[in-house]
Amino acid sequence: MAHPAQSITPTGAHDYLAPVFAQYPLDVVRAEGVWLIARDGRRVLDLYGGHAVAALGYGHPEWTRAVAEQAASCNFQSNAVPMDVRLRAGRRIVEFSKLPITSVFLINSGAEANENALKMAFAVTGGRSEVVALEQSFHGRTAGAGALTWGAREKWYGFPRTPFDVKFIARDSTAGFSQITDRTAAVFVEPVQGVGGAFDLGREFLVALRKRCDEVGAVLVFDEVQCGTGRCGQPYAANLYGVLPDMITAAKALGNGFPVGALLMTERIAKAVKMDALGTTFGAGPMACAAIEATLDAIENDGLLANVRRVTDYIRKECTVGPVVGYQGEGFLTGLKLKVPAKDVQNALLTQHDILTGTSGDPNVLRLLPPYILREGQVDLLVAALKKLG
Ligand SMILES: Cc1ncc(COP(=O)(O)O)c(C=O)c1O
């Protein structure tokens with residue numbers, strides 16, 4: 001008999017994991033390409049990609065080989081020991097971005113990237129203590145990143161107070177820009193909000209935001225943990241919108257499943273980095289670096305940015321059927337707008353049609369975060385299922 005606080009896993013074994021996640025009725029034992037294979041043999045089309053992580057899908061041969069070879073040759077040394085693979089990963093991130101990034105700090109997750117971006121923003125704006133974030137934002141669950149996350153304090157923040165003052169402004173109007181002042185150290189935005197419902201802020205908003213930050217000397221940070229590293233069909237949303245922030249934070253797709261995070265800095269920020277100001281044990285470990293290098297190589301060598309753009313057009317053209325009334329978002333961070341609750345459609349797609357999708361903070365948006373290798377023929381399976389859901 002299981003202890004009341006424990007649940008039973010589908011295999012019948014006791015589950016000692018803290019019960020903090022609601023789980024899908026899906027017991028994955030293997031995965032290949034865009035397919036998850038369940039214990040009972042069911043093949044499930046993965047249009048959710050493990051919360052936007054599995055950029056290359058599953059079992060990509062070059063990524064698998066690179067990680068395995070690095071594990072065999074030297075699985076870990078910290079930043080205190082110079083390693084070629086680390087230098088290559090840093091250079092690769094900068095080259096892939098096609099942006100004037102001059103320095104990269106590697107850590108292990110999206111929240112950690114944002115914590116370090118906050119530190120650097122306070123460092124370059126000495127004395128300022130306010131940060132501006134957007135309504136419906138999500139930036140992570142640590143003390144700083146959680147403080148910037150819309151609704152966190154009411155729902156799960158868990159710390160007695162936030163480490164700095166935060167102002168939240170609307171995401172669909174520039175009216176709130178008056179809150180960005182010479183007390184503002186940084187403005188954090190996801191150019192395409194993820195948890196907020198695959199909501200694209202658009203070029204006009206971001207251009208105006210850049211201008212406002214310049215007027216008051218605030219640092220502009222693009223949190224591209226979810227929308228970046230190719231997901232929008234460009235290296236970063238910064239490229240897509242033609243707006244250069246002072247820092248970009250990346251994670252998720254960057255390691256294709258190996259935990260990584262990166263803080264990309266332009267010169268203004270990079271020149272303020274001092275010895276010992278930032279640190280990490282695991283960040284930039286050789287296996288993480290091998291994973292990053294292999295992921296970015298594959299995105300380029302396999303033509304995946306073009307694939308994302310082409311298949312996004314196809315999704316937009318074909319998927320407005322059944323319960324879908326429209327779409328929002330960019331690239332493979334697409335939100336299908338529904339006339340019924342998204343959780344009902346998500347559940348029906350998974351249990352009746354073997355298609356895994358995501359929901360979001362918007363109850364009527366179904367969030368698609370598929371691997372960048374998704375093809376039109378696989379989108380057809382979603383279209384057929386949506387039609388049946390009428
Ligand atoms: C935009 C954004 N920023 C930050 C995070 C936090 O990343 P992590 O869970 O790797 O800490 C997430 C995670 O969903 C995210 O979507």
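- In this structure, the ring of Phe168 has its center less than 6.0 angstrom from the ring center of Trp150.
- Among pairs with a residue in residues 83-136, those fulfilling ring-ring contact (aromatic ring centres under 6.0 Å, His included) read Phe122-Phe164, at least two apart in sequence or across chains.
- Taking the salt bridge (Lys or Arg N to Asp or Glu O under 4.0 Å) definition, one finds that Arg153 meets it with nothing, sequence neighbours left out.
- Every residue two or more places apart in sequence or in another chain was checked for a side-chain hydrogen bond (donor to acceptor under 3.5 Å, both in side chains) with Gln77, and none qualifies.
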Could you pull out every donor-acceptor pair under 3.5 Å between side chains of residues 367-385 and any protein atom, sequence neighbours left out?
from	atom 1	to	atom 2	distance (Å)
Arg367	NE	Thr359	O	2.9
Arg367	NH1	Gln226	OE1	2.7
Arg367	NH2	Thr359	O	3.1
Tyr372	OH	Thr229	O	2.8
Tyr372	OH	Arg231	N	3.1
Arg375	NH1	Asn307	OD1	2.8
Glu376	OE1	Arg310	NH2	3.4
Glu376	OE2	Arg310	NE	2.8
Gln378	OE1	Arg375	N	2.8
Asp380	OD1	Tyr314	OH	2.5

Let me check something: any side-chain donor-acceptor pairs from residues 258-284 under 3.5 Å, sequence neighbours excluded? List them with distances.
from	atom 1	to	atom 2	distance (Å)
Thr266	OG1	Asp246	O	2.9
Arg268	NH2	Gly217	O	3.1
Thr280	OG1	Phe282	N	3.4
Thr280	OG1	Gly283	N	2.8

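- In this structure, the side chain of Arg210 engages the main chain of Leu244 through a donor-acceptor pair within 3.5 Å.
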- Would you please test Glu135 and Arg171 for side chain to side chain contact (heavy atoms under 4.5 Å, CB included) and show each step? CA-CA 6 Å; Glu135 293 173 359; Arg171 64 184 186 178; 5.6 Å; no

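- Between the side chain of Asn116 and the backbone N or O of Glu112, at least one donor-acceptor pair lies under 3.5 Å.
- Remark: side-chain polar atoms of Asn256 are paired, donor with acceptor, to backbone N or O of Leu56 under 3.5 angstrom.
- In this structure, Arg43 CZ and Ile37 CD1 are separated by 5.0 Å, a value rounded to the nearest 0.5 Å.
- Residues satisfying the ring pair (Phe, Tyr, Trp, His ring centres under 6.0 Å) criterion with Tyr24, sequence neighbours excluded, are absent altogether.
- Other residues, nucleotides and ligands contribute only 12 or fewer heavy atoms inside 6.0 Å of the CZ atom of Arg183.
- For residues 183-220, every residue pair satisfying the ring-ring contact (aromatic ring centres under 6.0 Å, His included) rule, not counting sequence neighbours, is listed here: His139-Phe188, Phe177-Phe205.
- Remark: Arg141 pairs with no residue by the side-chain hydrogen bond (donor to acceptor under 3.5 Å, both in side chains) rule, at least two apart or across chains.
- Residues Val308 and Thr312 approach most closely at O-OG1, 2.5 Å, considering heavy atoms.
- Residues Ala147 and Pro163 approach most closely at CB-CD, 4.3 Å, considering heavy atoms.
- For Asp302, the side-chain hydrogen bond (donor to acceptor under 3.5 Å, both in side chains) partners are His60, not counting sequence neighbours.
- Looking only at atom types and distance, the side chain of Gln346 has no donor-acceptor partner in the side chain of Thr357 under 3.5 Å away.
- Annotation: side-chain hydrogen bond (donor to acceptor under 3.5 Å, both in side chains) contacts of Arg92 (sequence neighbours excluded): Asp297, Glu300.
- Residue Pro235 comes nearest to Ser97 through the heavy atom pair CB-O, 3.8 Å, listed as atom of the first residue, atom of the second, then distance.
- The pair Arg91-Glu293 does not meet the salt-bridge criterion, since no charged nitrogen lies less than 4.0 angstrom from a carboxylate oxygen.
- Although no hydrogens or angles enter the test, the distance criterion places no donor-acceptor pair under 3.5 Å between the side chain of Asp200 and the main chain of Gly202.
- Here the shortest heavy-atom pairing between Cys289 and Leu106 reads SG-CD1, 4.1 Å.
- In terms of heavy-atom proximity, Ala133 sits nearest to Leu148 at CB-O, 3.5 Å.
- For the atom pair CE of Met247 and OG of Ser103, the computed distance is 11.5 Å after rounding to the nearest 0.5 Å.
- Considering only residues two or more places apart in sequence or on other chains, Tyr58 meets the ring pair (Phe, Tyr, Trp, His ring centres under 6.0 Å) condition with none of them.
- Between Lys119 and Glu115, none of the side-chain N atoms (NZ, or NE/NH1/NH2) sits under 4.0 Å from a carboxylate O, so this pair counts as no salt bridge.
- When the ring pair (Phe, Tyr, Trp, His ring centres under 6.0 Å) test is applied to Trp35, no partner is found at least two apart in sequence or on another chain.
- Under the 3.5 Å distance criterion, the side-chain polar atoms of Glu62 are left unmatched by any main-chain donor or acceptor of Ala298.
- Within the model, atoms CG of Leu338 and CG of Asp362 stand 9.0 Å from one another, a figure rounded to the nearest 0.5 Å.
- Atom CG of Asn239 is separated from atom CD of Glu224 by 7.5 Å, given to the nearest 0.5 angstrom.
- Using a 4.0 Å cut-off between a side-chain N of Lys or Arg and a carboxylate O of Asp or Glu, Glu32 and Arg30 qualify as a salt bridge.
- By the 4.0 Å N-to-carboxylate-O rule, Asp313 lies too far from Lys317 to be salt-bridged with it.
- Arg39 contributes no side-chain N or O that, together with a main-chain N or O of Asp27, makes up a donor-acceptor pair within less than 3.5 Å.
- Looking at Thr149, Asp223, Thr142 one by one, the single match for side-chain hydrogen bond (donor to acceptor under 3.5 Å, both in side chains) with Asn114 turns out to be Asp223.
- Taken from CG in Leu254 to OG1 in Thr249, the straight-line distance is 11.0 Å, to the nearest 0.5 Å.
- Judged by distance alone, with hydrogens and angles left aside, the side-chain atoms of Trp156 form no donor-acceptor pair with the main-chain N or O of Gly146 at under 3.5 Å.
- Taking all atoms of both residues into account, the shortest heavy-atom contact from Tyr236 to Ala250 is OH-CB, 3.8 Å.
- Atom CD of Gln23 is surrounded by 12 or fewer heavy atoms from other residues, nucleotides or ligands within 6.0 Å.
- Distance SG/Cys319 to NZ/Lys387: 10.0 Å, rounded to 0.5 Å.
- Results of the side chain to side chain contact (heavy atoms under 4.5 Å, CB included) test with Leu356 over Leu47, Leu350, Val34 single out Leu350 as the only residue that passes.
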